[in-house]
Colleague: 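Quick one: the structure is below, and I'll ask about it shortly.
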Protein chains: 2
Amino acid sequence: MVALATAPKADPRRRVLDAAIACFTRNGFHGTSMHEICAEASMSPGALYRYFPSKDAIIIAIVEEERTLRARLMEHLESAPDFVGALTAMGTQLFTGEMEMVCAELGPEIAAEAMRNPALKVMFDEVEAEMDQSMRRALLAAQARGEVDAGLDPDAVLVMINAIGDGLMLRNRLSPELPLGEMMPVLGDLIRRMLAPRTTTATDARS
Amino acid sequence: MVALATAPKADPRRRVLDAAIACFTRNGFHGTSMHEICAEASMSPGALYRYFPSKDAIIIAIVEEERTLRARLMEHLESAPDFVGALTAMGTQLFTGEMEMVCAELGPEIAAEAMRNPALKVMFDEVEAEMDQSMRRALLAAQARGEVDAGLDPDAVLVMINAIGDGLMLRNRLSPELPLGEMMPVLGDLIRRMLAPRTTTATDARS
DNA sequence: CCATAGAGAGCGAACGTTCGTTCGCATCTA
DNA sequence: TAGATGCGAACGAACGTTCGCTCTCTATGG
């Protein structure tokens, strides 16, 4: 009992967060009651409320946690030598279930809630902005090194890439039978076609 | 008072549906109470329940209504001579607000609710399947006429197009300050780059 | 080595509120 | 007068949250 004893019932905060993520994923934020979260976490309401002051506080904690995860991901993307390659690799990990990312599952739910809860909205916007800036840096670098057509408008490309990402996550949630993980290479090729400079290897190819 | 007198307080069913759409868009399905819908429709609960047996029935009616609208849209897309052009035109109408489409606003909300409500799920899936089949036909036709690269996997292209559509709608809702309507031409060009056959005017271009 | 006091963790019945829904009655129209 | 239409107070259930209690440790004084 020094300090590292933990096995069966570890950090209660963690247990609540994991339980909440499971419940919210299953039934949505407004669709899950505190009692359900308590049951999932094997904890009474009284105990739970020692760790979180309210239901809202739980979502905010989840998003806050996701923030650091996203930051690491973006770091990795910025340092990758191949922009689209790194993007599709991320997609593959995400959709095969190799990597867990809460926002992939809860994205729309959180987004919807953010429109109502000001405190959550602030945090959500920050995470969103951080990701956008990071993505922009990675894109500009890819354009500078010639991987992505330098003639393309970065704003438009960013909107498109974000839309594709959000759209795939949504679809993954709506129809989980779609083997998105396996399709990522092909989808990546499509994105490459969209972004790569026109093939100037042999022909000048006007009109 | 023959039969066509209607101006101020017309068909109560319509009033309820419009009120519900407004409320759901503002506060989400679980975020709006029946009393709010009643207030928005200037109607008492007692009156409202004469037209809809439950809150669930209201969403189902909304989706049912959207079904015919979508069907018309898809008809138009299938008969268009230019697949990507028709797609971007639809996007422009949608994001400039020229055309109203409930699912554009309520999409994620409805999708989330569909995962919980079996009756809604059935209808949602049907609408989704109809749209997918229509889109597939339009895509295959575009490939046949050489507008879209015939070498591309239709399944992958469909997933991609659906994702882009869903993603743009989501983003339009999350950050309405983005001028998506004006960006559509540029975004359309990106999609064209992705789908158009590689310029084979002069070269055979293998590998 | 034991007894015990104190603190913190955990519990779960209960609270006040809000929700979706109902029902008895009033009000129009024909 | 009969029937459709509309009203709004009221209901039971479920919600997020609270609170007073019990239990389990740990430290200390004998």
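Convention: sequence-line order gives letters A, B, ...; per-chain numbering from 1.
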Colleague: For residues 41-60 of chain B, which residue pairs qualify under salt bridge (Lys or Arg N to Asp or Glu O under 4.0 Å), counting only residues two or more places apart or in two chains?
Modeller: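 Listed by first then second residue: nothing to list.
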Colleague: Take atom CE of B/M43 and atom P of D/dC7, then tell me their distance rounded to the nearest Å.
Modeller: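 Nearest whole value for this atom pair: 7 Å.
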Colleague: Rounded off to whole Å, could you give me the CZ-to-C1' distance for the A/R15 and C/dG10 pair?
Modeller: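 Going from A/R15 (CZ) to C/dG10 (C1'), I get 10 Å.
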Colleague: Taking only heavy atoms on the protein side, list every residue of residues 49-58 of chain A lying under 4.0 Å from any atom of DNA chain C, sorted numerically.
Modeller: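 Hits under 4.0 Å, by residue number: A/R50, A/Y51.
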Colleague: Which residues pass the salt bridge (charged side-chain N to carboxylate O under 4.0 Å, His left out) test with A/D149, not counting sequence neighbours?
Modeller: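 A/D149 satisfies salt bridge (charged side-chain N to carboxylate O under 4.0 Å, His left out) with B/R193 once adjacent residues are dropped.
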Colleague: Going by ring pair (Phe, Tyr, Trp, His ring centres under 6.0 Å), name the pairs with one or both residues in residues 13-52 of chain B, residues two or more places apart or in two chains.
Modeller: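 Only B/F24-B/F29 qualify under ring pair (Phe, Tyr, Trp, His ring centres under 6.0 Å).
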Colleague: For residues A/E40 and A/R26, determine if any side-chain heavy atom of one lies less than 4.5 Å from a side-chain heavy atom of the other.
Modeller: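 They are in side-chain contact.
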Colleague: Is any side-chain heavy atom of B/L187 closer than 4.5 Å to a side-chain heavy atom of B/T88?
Modeller: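 In short, these two side chains do not touch, never coming nearer than 4.5 Å.
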Colleague: In whole angstroms, how far is the P atom of C/dT21 from the CG atom of B/L48?
Modeller: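 That distance rounds to 10 Å.
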Colleague: Within residues 22-40 of chain B, which residues have any heavy atom lying less than 4.0 Å from an atom of DNA chain C?
Modeller: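 Contacts with DNA chain C under 4.0 Å: B/T32, B/S33, B/M34, B/H35.
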Colleague: Taking atom CD of B/E126 as the centre, report whether more than 12 heavy atoms of other residues, nucleotides or ligands fall under 6.0 Å from it.
Modeller: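 Counting other residues, nucleotides and ligands, CD of B/E126 exceeds 12 neighbours.
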Colleague: Please, which pairs that meet ring pair (Phe, Tyr, Trp, His ring centres under 6.0 Å) have at least one residue in residues 72-114 of chain B, sequence neighbours excluded?
Modeller: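 As it turns out, there is no ring pair (Phe, Tyr, Trp, His ring centres under 6.0 Å) pair with a partner in residues 72-114 of chain B once direct neighbours are skipped.
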Colleague: Rounded to the nearest angstrom, tell me the gap between atom CG in B/N117 and atom P in C/dG20.
Modeller: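 B/N117 atom CG is separated from C/dG20 atom P by 14 Å.
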Colleague: Should the heavy atoms of other residues, nucleotides or ligands under 6.0 Å from CD of B/E130 be counted, would the total exceed 12?
Modeller: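 Yes, enclosed.
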Colleague: Check this one for me: any side-chain N or O of B/S44 less than 4.0 Å away from OP1 or OP2 of D/dG8?
Modeller: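 Answer is no, no contact under 4.0 Å.
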Colleague: Which of the following nucleotides, C/dG10, C/dC11, C/dT22, is nearest to the side chain of B/P45?
Modeller: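 Of C/dG10, C/dC11, C/dT22, C/dT22 is nearest to the side chain of B/P45.
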